[in-house]
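On a predicted model such as this, the values are computed, not experimentally measured, just so you know.
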Amino acid sequence: MSHRLLVLAEMLRQTDADAIEGSNDLNDIDKKTVVADIGCDHGYVSIYLVESGIASRAIAMDVRKGPLSGASNNIHDFGFSDHIKTRLSDGLKALEPGEADAIIIAGMGGKLMMRILEEGDPVALGVCFGVLQPQSDLYEFRKYLRDKGYVILDEKIVFDDGKYYFPMKVSFVGERTAGRLGRKRDHYADAIALLTDKCGCDVERAEHICDRFGECNILHGDPLLQEYCRHGAEVTAAILEELKDKGQTGRYEELRTDLAETTAVLQLFE
């Protein structure tokens with residue numbers, strides 16, 4: 001299993017103090033987490049979740065019959081057929097209410113993941129939290145989560161096979177479970193305060209920066225964020241130089257704003 005998928009799986013691990021298990025009403029805390037693995041591909045994440053004790057059971061789901069068949073074979077070979085079930089499903093559509101209290105969705109475009117969450121309402125299904133890793137549209141995806149009232153509990157940056165990935169641990173039932181799921185502070189408010197205080201941003205700009213780069217990443221001060229922003233700043237500066245005096249005023253100003261925001265994040269590492 002790749003480093004990226006290993007990090008994603010481990011983000012679902014709950015400590016005894018923070019565990020949310022059972023329904024999203026939080027009345028039953030004696031059951032181990034049951035995870036629906038959406039877009040399971042070959043099933044290795046589901047296998048790892050059960051094998052490592054992160055989940056007691058898993059439902060490996062995929063819209064494609066070929067990978068799902070391969071996942072079923074792998075699950076059988078690892079001896080987990082009693083603990084992991086496979087199911088043909090377009091997103092969350094084949095998941096029944098109360099079957100799982102956590103989900104993992106990774107390796108898809110952000111817009112596709114937003115569609116999956118819209119069509120398969122996690123709260124109505126009794127899903128309390130999950131790990132989501134969109135491959136694209138990160139700004140739009142983080143903003144979508146906030147607009148829905150979901151809470152980003154944590155986020156990490158993973159550099160794997162030459163690419164950056166941004167897995168997020170999310171509470172679907174809002175602020176009332178954020179502390180129980182491991183969040184001890186309001187990361188969004190703290191990151192905005194940090195950006196306005198140290199970088200001189202106004203609140204609106206700070207919010208935009210959080211949606212672009214992730215408030216948890218900003219607060220963690222992860223060196224990978226510095227590398228990601230430094231590379232982005234170099235690329236943007238080069239494009240700006242090419243566009244100079246070419247009459248593309250709108251695009252030029254947009255890129256200047258992007259560069260200013262990236263530079264603000266880099267200031268935090270000085």
Side-chain angles (χ1 to χ4, degrees), residues 3-4 6-8 10-13 18 105-106 109-110 113-114 129-160 162-172 174-175 177-237 240 254-270:
H3 173 57
R4 172 180 67 94
L6 183 64
V7 171
L8 265 66
E10 284 294 330
M11 287 178 75
L12 278 174
R13 189 184 294 278
D18 298 331
I105 313 177
M113 289 179 62
M114 285 185 271
F129 69 105
V131 171
L132 311 173
Q133 185 259 298
Q135 298 281 78
S136 61
D137 307 304
L138 292 166
Y139 167 80
E140 292 85 353
F141 190 76
R142 293 189 187 98
K143 192 172 186 308
Y144 166 79
L145 294 177
R146 274 189 253 285
D147 289 345
K148 291 291 290 185
Y150 302 151
V151 178
I152 300 174
L153 303 165
D154 194 15
E155 183 172 345
K156 298 184 183 299
I157 305 176
V158 180
F159 188 71
D160 192 21
K163 296 180 181 179
Y164 290 95
Y165 300 94
F166 297 83
M168 310 167 196
K169 184 175 182 180
V170 176
S171 165
F172 297 114
E175 294 289 345
T177 63
R180 294 282 302 280
L181 277 163
R183 192 183 77 158
K184 305 304 182 187
R185 48 198 273 220
D186 187 337
H187 301 312
Y188 191 53
D190 286 354
I192 289 171
L194 178 64
L195 288 163
T196 55
D197 180 56
K198 189 166 182 180
C199 305
C201 302
D202 59 32
V203 172
E204 184 177 358
R205 176 60 59 83
E207 290 174 345
H208 196 269
I209 290 172
C210 286
D211 286 335
R212 280 188 65 193
F213 300 103
E215 61 270 23
C216 295
N217 297 324
I218 290 167
L219 292 174
H220 291 333
D222 192 326
L224 281 173
L225 178 61
Q226 184 180 25
E227 293 175 18
Y228 177 78
C229 288
R230 184 180 291 134
H231 175 71
E234 290 171 357
V235 171
T236 303
L240 281 170
E254 179 184 331
L255 288 171
R256 281 190 60 190
T257 299
D258 286 352
L259 182 58
E261 292 180 351
T262 305
T263 302
V265 176
L266 286 170
Q267 282 182 249
L268 300 175
F269 293 91
E270 295 175 355

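Across all non-hydrogen atoms, the minimal contact from C201 to A264 is SG-CB, 4.1 Å. Minimum interatomic distance between P134 and F141 (heavy atoms only, all atoms of both residues): CG-CD2, 3.6 Å. The minimum heavy-atom distance linking P167 with V131 is given by the pair CB-CG1, 4.3 Å.
Taking the six-membered ring where the residue is Trp, the centroids of Y228 and F166 are separated by under 6.0 Å. Annotation: H208 is in aromatic contact with Y139 [ring centroid separation under 6.0 Å].
Atoms NZ and NZ, from K148 and K143 in turn, are 13.0 Å apart once rounded to the nearest 0.5 Å. Atom CZ in R4 sits 9.0 Å away from atom NZ in K163 (nearest 0.5 Å). Atom-to-atom distance recorded for D186:CG and E215:CD is 8.5 Å, nearest 0.5 angstrom. Residue F269 holds its CZ atom at 6.5 Å from SG of C229, rounded to the nearest 0.5 Å. For the atom pair CG (N217) and NE2 (H187), the distance works out to 11.0 Å, reported to the nearest 0.5 Å. How far CD of E155 is from CG of L138: 7.5 Å, rounded to the nearest 0.5 Å.
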L240 and R256: CA distance, side-chain angles, deciding distance, side-chain contact (heavy atoms from CB on, under 4.5 Å) verdict: CA-CA 8 Å; L240 281 170; R256 281 190 60 190; 3.9 Å; yes
Given the rule in the side-chain contact (heavy atoms from CB on, under 4.5 Å) test, do T262 and F213 qualify, once you have shown the distances and angles that lead to the verdict? CA-CA 9 Å; T262 305; F213 300 103; 3.7 Å; yes
Quick one: do L195 and C210 satisfy side-chain contact (heavy atoms from CB on, under 4.5 Å)? Show the steps, please. CA-CA 9 Å; L195 288 163; C210 286; 4.1 Å; yes
What do the steps show when you test D154 against H220 for side chain to side chain donor-acceptor pair (under 3.5 Å), and what is the final call? CA-CA 10 Å; D154 194 15; H220 291 333; 2.8 Å; yes
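Tested against M168 for a side-chain contact (heavy atoms from CB on, under 4.5 Å), the candidates M11, R142, Q133 yield a single pass: R142.
Side-chain contact check for C216 versus K156: every heavy-atom pair is 4.5 Å or farther apart. Counting heavy atoms from C-beta on, the side chains of I152 and K169 never come closer than 4.5 Å. Inter-residue side-chain proximity for E227 and Y164 is flagged as met; some heavy-atom pair is nearer than 4.5 Å. Taking the side chain as every heavy atom from C-beta outward, L145 and L132 approach each other to under 4.5 Å. Side-chain contact between R205 and D202 is present, with at least one heavy-atom pair separated by less than 4.5 Å. For the pair L12/F129, a side-chain contact is recorded, criterion being any heavy-atom separation below 4.5 Å from C-beta on. Proximity of E261 to V265: side-chain heavy atoms (C-beta onward) are nowhere separated by under 4.5 Å. Looking at Y188 and D190, their side chains never come closer than 4.5 Å, going by heavy atoms from C-beta outward.
One N or O on the side chain of T196 and one on the backbone of A193 form a donor-acceptor pair closer than 3.5 Å.
Checked against ring pair (Phe, Tyr, Trp, His ring centres under 6.0 Å), Y144 has no partners two or more places apart in sequence or in another chain.
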